Amino acid sequence: MKKQLVKSRFAPSPTGFIHMGNARTALFSALLSRRERGAFVLRIEDTDQERSREEFVHAVQEDLWWLSLQWQEGPVTGGEHGPYRQSERAAVYDQYFDQLVQQDKVYPCFCSTQELNLARKIQVSSGQPPRYSGKCARLSKAEIAEKIDQGLLPTLRFRVPAQQMIEFEDLVRGKQAFKSDEIGDFIIRRADGTTAFFFCNAVDDALMGVTHVLRGEDHLTNTPRQLLILDALGLDKPQYGHISLIVGHDGSPLSKRHGSRSIRELREQGYLADAVTNYLARLGHHYESDAYMDIDQLAANFDVARLGRSPARYDAHQLLHWQHQALARASLSDIWEWMGSAVHDIVPEDHRADFIETIRPNISFPEHAARWARIVYTDPLLLDDHAREIVAAAGKHFFAQALQSVAGHASDFKAFAKAVGQLSGAKGKDLFLPLRVALTGEAGGPEMARLMPLLGEERVRARLEACLVD
RNA sequence: GCUCCCUUCGUCUAGUGGCCUAGGACAUCGCCCUCUCACGGCGAGAACAGGGGUUCGAAACCCCUAGGGAGCGCCA
């Protein structure tokens with residue numbers, strides 16, 4: 001028997017930029033199929049025409065691409081189960097709506113929004129779960145015809161069978177069981193004729209041959225509804241896995257106020273894609289190794305059995321750790337590009353490699369690189385109050401001696417410092433700190449031994465001289 | 001309100017009844033390296049939500065409580 005190809009999918013609705021939670025779901029899904037050498041499908045769920053925007057359709061694709069989560073089937077790539085945008089699949093859905101109508105598994109509902117809202121309010125206030133009453137479930141053909149003649153536009157509701165247990169094995173949470181009586185008849189087609197999530201999402205997964213659906217925990221109670229639809233239609237059911245949500249430091253749903261950002265913002269801020277994937281792949285999932293992995297290694301070692309069930313808190317510290325890991329491994333050309341024009345405009349071409357290797361361990365973001373580029377290559381060097389204090393404390397005499405010592409080893413900091421030490425008698429912190437501050441304006445930073453050759457003799461002299469005047 | 005889910009160091013997590021004196025990573029602190037800062041190396045402190053059971057034995061199994069979350073939409 002041929003082993004079924006693993007097919008996973010990511011099905012965003014283009015109503016905004018993808019955030020960490022979304023991105024992690026996409027990542028897990030992509031890693032799953034990548035590990036099995038299966039296929040990853042991207043499907044755009046744009047049935048909500050009010051909120052869907054073309055700009056976000058593009059943004060989602062760009063962001064996934066940036067994260068190295070390429071899809072084998074979907075927009076642009078194509079595939080045999082297209083189209084991959086739900087707004088273009090109306091004909092497909094109509095066919096299946098017809099099938100359900102034939103089988104009397106659905107019925108038109110003429111209840112107005114106001115009516116439904118009111119009913120819900122009453123149910124909630126009397127301690128009942130807000131569930132559709134089934135008012136239109138028993139309308140006769142004549143009643144239906146009459147309402148349609150009046151110009152009323154019905155929604156289509158799915159008849160949920162009574163007294164049934166709906167069971168499935170969740171990839172993450174194990175055995176799940178729901179009572180059908182706890183599910184009200186739900187809408188699968190809106191009054192305007194567009195298809196509702198429960199329906200198109202489930203039908204498309206089946207039609208596209210998706211075998212594994214990894215999605216947020218918020219969908220857990222949607223699953224029995226979708227299983228019901230798939231059963232009614234006689235379509236294949238994928239396996240579902242519901243991933244816990246990402247929350248903020250206080251355990252409440254992740255939001256801007258927790259420092260949560262869209263993938264786009266993370267990228268604009270200078271986070272490396274590998275840093276983001278290494279971090280996200282370990283939020284609610286664990287690897288035996290704590291070592292940095294590229295996307296293929298992340299995939300090779302990914303395992304749904306290692307997905308956690310409890311919500312994970314977003315922690316900027318940990319993301320930053322992976323940023324440093326990624327930065328330490330990035331190629332010279334990648335880092336150069338990452339540093340951006342602020343650095344490109346300042347750093348001489350023949351200094352590129354040295355400049356990068358010198359500051360690499362000391363920076364996290366392009367803005368830091370830009371700062372060091374300005375420090376090293378632009379004059380005059382401006383000292384802040386703290387730096388002035390250190391310079392003043394060392395004294396003019398010290399810098400005069402330093403200036404004398406430059407000759408002969410302007411590119412050899414070790415020898416230079418030794419000479420200054422011998423002349424001035426200063427050592428340790430008293431020796432190094434004033435030199436560092438005079439030369440860079442900073443009390444800390446990359447190795448002076450590497451920085452000094454970048455500065456060059458002329459600049460070193462000028463900066464030491466600057467410390468001789470008030 | 002009802003239904004469902006979750007709960008191990010500050011954080012991410014390991015843990016499938018004895019390998020647990022609860023392991024690792026991030027963060028924090030300390031030491032070493034360096035005549036400075038960082039990088040790096042070594043080390044320290046730090047957790048089974050609470051209460052009852054079951055068992056020779058419980059972080060693990062059961063029940064209750066507490067706290068957190070989700071769903072109950074003509075959103076997805």
Side-chain angles (χ1 to χ4, degrees), chain A residues 11-15 45-48 50-52 86 109 111-113 116-117 120 123-132 153-157 170 172-173 176-179 182-184 186-198 200-201 215-225 242 244-245 247 249-253 279 282-291 305-306 308-322 324 328 359-363 414 417-418 421 426-437 440 442-449:
Chain A
S13 65
T15 55
E45 306 224 325
D46 54 353
T47 57
D48 182 348
E50 293 282 298
R51 300 198 303 148
S52 294
Q86 291 186 326
C109 171
C111 297
S112 70
T113 308
L116 293 170
N117 286 344
R120 262 193 291 275
Q123 284 171 317
V124 169
S125 63
S126 67
Q128 296 296 307
R131 228 174 268 151
Y132 182 60
L153 292 173
T155 61
L156 201 60
R157 277 188 195 270
D170 191 279
V172 178
R173 285 152 203 281
Q176 303 291 314
F178 296 87
K179 297 189 184 91
E182 284 167 7
I183 304 169
F186 52 90
I187 290 171
I188 59 174
R189 189 177 62 200
R190 305 182 186 103
D192 65 3
T194 59
T195 310
F197 167 79
F198 291 121
C200 50
N201 180 267
R215 47 167 34 166
E217 190 197 359
D218 47 337
H219 286 292
L220 187 61
T221 53
N222 292 162
T223 307
R225 292 172 173 72
H242 292 90
S244 60
L245 271 17
V247 297
H249 57 83
D250 56 357
S252 66
Y279 174 60
R282 287 174 170 86
L283 248 196
H285 175 269
H286 91 275
Y287 287 98
E288 278 178 39
S289 165
D290 288 315
R306 291 208 274 248
R309 276 166 292 266
S310 53
R313 291 175 198 226
Y314 166 69
D315 181 5
H317 276 304
Q318 268 161 77
L319 177 55
L320 194 58
H321 169 250
W322 293 111
H324 291 146
I359 69 166
R360 192 203 281 261
N362 290 270
I363 60 171
K414 230 178 149 121
K418 192 173 179 183
K427 56 183 180 179
K429 202 163 184 158
D430 292 336
L431 171 61
F432 284 86
L433 193 56
L435 290 179
R436 176 180 276 286
V437 168
T440 69
E442 297 290 323
E447 279 184 67
M448 283 308 298

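Just so we're on the same page: letters track the sequence lines, and every chain starts at 1. Remember, it's a predicted structure, so these values are computed and weren't measured experimentally.
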Report which part of the nucleic acid A:Ser244 touches: base, sugar-phosphate, or nothing (heavy-atom distance under 4.0 Å, all strands).
nothing

In whole Å, what separates the P atom of B:A27 from that of B:C61?
32 Å

Counting heavy atoms from C-beta on, name the nucleotide in B:C75, B:U11, B:C12 closest to the side chain of A:Asp315.
B:U11

Regarding A:Arg173, tell me which of base, sugar-phosphate or nothing describes its non-hydrogen contacts under 4.0 Å with the strands shown.
sugar-phosphate

Between B:A25 and B:C64, how many Å separate the two P atoms, rounded to a whole number?
39 Å

Between A:Arg51 and A:Ser13, does any side-chain donor sit less than 3.5 Å from a side-chain acceptor?
no

Decide yes or no for A:Arg306 and A:Glu288: does some side-chain heavy atom of the first lie under 4.5 Å from some side-chain heavy atom of the second?
yes

Separation of A:Phe198 CZ from A:Asn201 CG (nearest 0.5 Å)
9.5 Å

Between B:C26 atom P and A:His249 atom NE2, what is the distance in whole Å?
22 Å

Nearest-Å distance once atom P is located in both B:C31 and B:U7:
39 Å

Counting only Watson-Crick or G-U wobble pairs whose two distances fall under 3.5 Å, which nucleotide matches B:U28?
B:A44

A:Leu319 has an atom CG; how far is it from atom C1' of B:A25, in whole Å?
15 Å

Grab the CD-P distance between A:Gln318 and B:A27 for me, whole Å please.
8 Å

Run the side-chain hydrogen bond (donor to acceptor under 3.5 Å, both in side chains) check on A:Asn222 and A:Arg225 step by step: do they pass?
CA-CA 5 Å; A:Asn222 292 162; A:Arg225 292 172 173 72; over 6 Å; no

For the pair made of OH in A:Tyr279 and P in B:U13, what is the distance, rounded to whole Å?
9 Å

For this output row, return yes or no: ring centroids of A:Phe197 and A:His219 closer than 6.0 angstrom.
yes

All heavy atoms of A:Leu433 vs all of A:Ala443, minimum pair found to be CD1-O, 3.7 Å

If we call it a pair only when both distances are under 3.5 Å in a Watson-Crick or G-U wobble match, what pairs with B:A14?
none

Base, sugar-phosphate or nothing for A:Ala312? Non-hydrogen atoms, less than 4.0 Å.
sugar-phosphate

Just how far, in rounded Å, is C1' of B:C74 from CZ of A:Arg51?
13 Å

B/S/- contact track for nucleotides 28-41 of chain B, protein heavy atom under 4.0 Å:
-------BBBSS--

Any base atoms under 4.0 Å from A:Thr155, or only sugar-phosphate, or nothing? Heavy atoms, all strands.
base

Protein and nucleotides 14-16 of chain B: nitrogen or oxygen contacts under 3.5 angstrom:
residue, atom, partner, partner atom, Å
B:A14, OP1, A:His286, ND1, 3.2

Give none if B:C20 has no partner; otherwise give the nucleotide forming a Watson-Crick or G-U wobble pair with it, both distances under 3.5 Å.
none

Tell me the interatomic distance from A:Arg313, atom CZ, to B:G10, atom P, rounded to whole angstroms.
11 Å

Could I get a table of every N or O pair under 3.5 Å where one atom is in the protein and the other is in nucleotides 66-73 of chain B?
residue, atom, partner, partner atom, Å
B:G71, O2', A:Thr221, OG1, 2.7
B:C72, O2', A:Pro130, O, 2.5
B:G73, OP1, A:Pro130, O, 3.3

State which residues pass salt bridge (charged side-chain N to carboxylate O under 4.0 Å, His left out) with A:Asp192; sequence neighbours excluded, sorted by chain then number.
none

Quick check: on RNA chain B, is the nucleotide nearest A:Arg282 upstream (toward 5') of the one nearest A:Glu288, or the reverse? Name the residue that is more 5'.
A:Arg282

When the distance from NE2 of A:His242 to P of B:A76 is rounded to whole Å, what number comes out?
17 Å

Less than 4.5 Å apart, any side-chain heavy atom of A:Glu217 and any of A:Val172?
no

Flag the pair A:Arg189 / A:Thr194 as yes when at least one side-chain heavy-atom distance between them is below 4.5 Å, and no otherwise.
no

Write out a two-atom table: protein N or O, nucleotide N or O from nucleotides 45-47 of chain B, distance below 3.5 Å.
none

P-based separation of B:A38 from B:C5 [nearest Å]
49 Å

Non-neighbouring partners of A:Tyr314 that pass ring pair (Phe, Tyr, Trp, His ring centres under 6.0 Å), sequence neighbours left out
none

Of the candidates B:A76, B:C74, B:C6, the side chain of A:Arg309 sits closest to B:C6

May I have the distance from A:Trp322 (atom CH2) to B:A27 (atom P), rounded to whole angstrom?
11 Å

If you pin A:Tyr314 and A:Gln176 to their nearest nucleotides in RNA chain B, which one's is more 5'?
A:Gln176

For A:Cys200, answer base if it contacts any base atom (sugar-phosphate contacts may also be present), sugar-phosphate if it contacts only those atoms, and nothing otherwise; contact means non-hydrogen atoms under 4.0 Å.
nothing

